[in-house]
Number of protein chains: 2
Amino acid sequence: MSDTGDPRQSLGLLCFYPHRALESRLLGELAAAGFDDITMAQGRIAARIGPAGTRLTDLAAQALVTKQTAGHLVDQLERAGYVRRVPDPTDARARLVQVAERGQEVVAVARRVEAEVEAEWTAYLGEEATAALRAALERLREITDPYR
Amino acid sequence: MSDTGDPRQSLGLLCFYPHRALESRLLGELAAAGFDDITMAQGRIAARIGPAGTRLTDLAAQALVTKQTAGHLVDQLERAGYVRRVPDPTDARARLVQVAERGQEVVAVARRVEAEVEAEWTAYLGEEATAALRAALERLREITDPYR
DNA sequence: CCATTTTCGTCAGATCCTCTGACCATCGTC
DNA sequence: GACGATGGTCAGAGGATCTGACGAAAATGG
């Protein structure tokens, strides 16, 4: 704590800026595209829904929140028409959260924005440095992502 | 959105894991050291207090929250004895938020934990890759940190 | 097969975080 | 000095997140 800007910020803190930048950029462009009722928390959950749907418990684990929180956010996303809950054919207790039609449109916009941002960063850092950055972050994820 | 784990996560998302890991590690070790009344939001503000004290407005800008939010968090930190507010000698409107005695102890623990984590990451990635990671992140900060 | 334990999800309630809007005091400038 | 900009606060509302308790279905193990 208490290092304002100069004398070597911690790697963890340095990771904050790009992540935050991407998130607010996403939120802004989604709002501009007409999806102005999405929040970051909802997005973090929605971003982890797999193609065939994902269980609430898994969403919660991946997003590092409790299942209650995840359930709350899915409620909102469902009410807004972005996702849908269907019974899990393999488990009568569980339900799969799936991306609904309206959600697909959001995914498309989000993917485009992500690609844009990535292109800008690559242009600024250079191909090589960007590749190294990605490699290091993917490696680092192995020990910092408690889920995978 | 909707990329679970495999096919190339965005750089922004990859940045999330280390940052989150450091934050929860910090929170956990601070709690273990007896400072169990600190929250992440408070820490994010406190981490940006400079040696001579920092204005509320600057703290808010650096942490990317409104000054009301920053003020709220500083209230809590002050009530808990971690920081103190003193008049800014150069501006009668402003007050400087300074780290108080109890806060210094927290800073010491936090620095130690940060160093530990950094050492672990360096051991895993290797000196060279870590240096490259840091360089890329610092460079990236130039275009993703709206404050500096 | 039944009993026990685990897992999936929900409900209820509380706390914390963050924002918008309105407002006042002071600074800087012309 | 008048006026716009800046530093901060007060008040209120909406989200996000957690802990705890619970019901229903699955998995496990005799």
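Chain A is the first sequence line, chain B the second, and so forth, proteins listed ahead of strands; every chain is numbered from 1.
Taking 4.0 Å as the cut-off between side-chain N and carboxylate O, A:E78 and A:R84 do not count as a salt-bridged pair. Look at A:R134 and A:E118 and you find a salt bridge, because one of the NZ, NE, NH1 or NH2 atoms lies within 4.0 Å of a carboxylate O, short of that distance.
Residue A:D88 contributes atom CG, which lies 10 Å from atom P of D:dA26 at whole-angstrom precision. With rounding to whole Å, A:H72 atom NE2 is found 15 Å from C:dG13 atom P. Distance B:L96 CG to D:dG8 P: 8 Å, rounded to the nearest Å. The separation between A:R95 atom CZ and D:dA24 atom P is 15 Å, rounded to whole Å. The CD1-P distance, from B:I38 to C:dC17, rounds to 12 Å in whole Å. Residue A:L64 contributes atom CG, which lies 17 Å from atom P of D:dA16 at whole-angstrom precision. Atom CD in B:Q76 sits roughly 16 Å away from atom C1' in D:dT9 (whole-Å rounding). Residue B:R55 contributes atom CZ, which lies 11 Å from atom C1' of D:dG8 at whole-angstrom precision.
With hydrogens and angles ignored, a donor-acceptor pair under 3.5 angstrom links the side chain of A:Q68 to the base of D:dG20.
For C:dT10, the OP1/OP2 oxygens have a side-chain nitrogen or oxygen of A:R85 closer than 4.0 Å. For B:T66, a side-chain nitrogen or oxygen approaches OP1 or OP2 of C:dC19 to under 4.0 Å.
Cation-pi geometry between B:R141 and A:Y124 is not met at under 6.0 angstrom from the ring centre and within 45 degrees of the axis.
In this structure, of D:dG8, C:dT10, D:dC18, it is D:dG8 that holds the atom nearest to the side chain of B:A94. Each of C:dT10, D:dC18, D:dA16 was ranked by its minimum atom distance to the side chain of A:A41; first place goes to D:dA16.
Side-chain atoms of B:E142 and A:Y17 include no donor-acceptor pair closer than 3.5 Å. Checking B:Y82 against B:E101 by side-chain atom types alone, no donor-acceptor pair falls below 3.5 Å.
B:T39 comes within contact range of the sugar-phosphate backbone alone, with a heavy-atom separation under 4.0 Å but no base atom that close. B:D91 comes within 4.0 angstrom of the backbone, heavy atoms only, and of no base. Residue B:T57 is in sugar-phosphate contact alone, with no base atom involved, counting any heavy-atom pair closer than 4.0 Å across all strands shown.
Sequence order on DNA chain D of the closest nucleotides to A:V65 and B:R93 puts B:R93 first from the 5' end.
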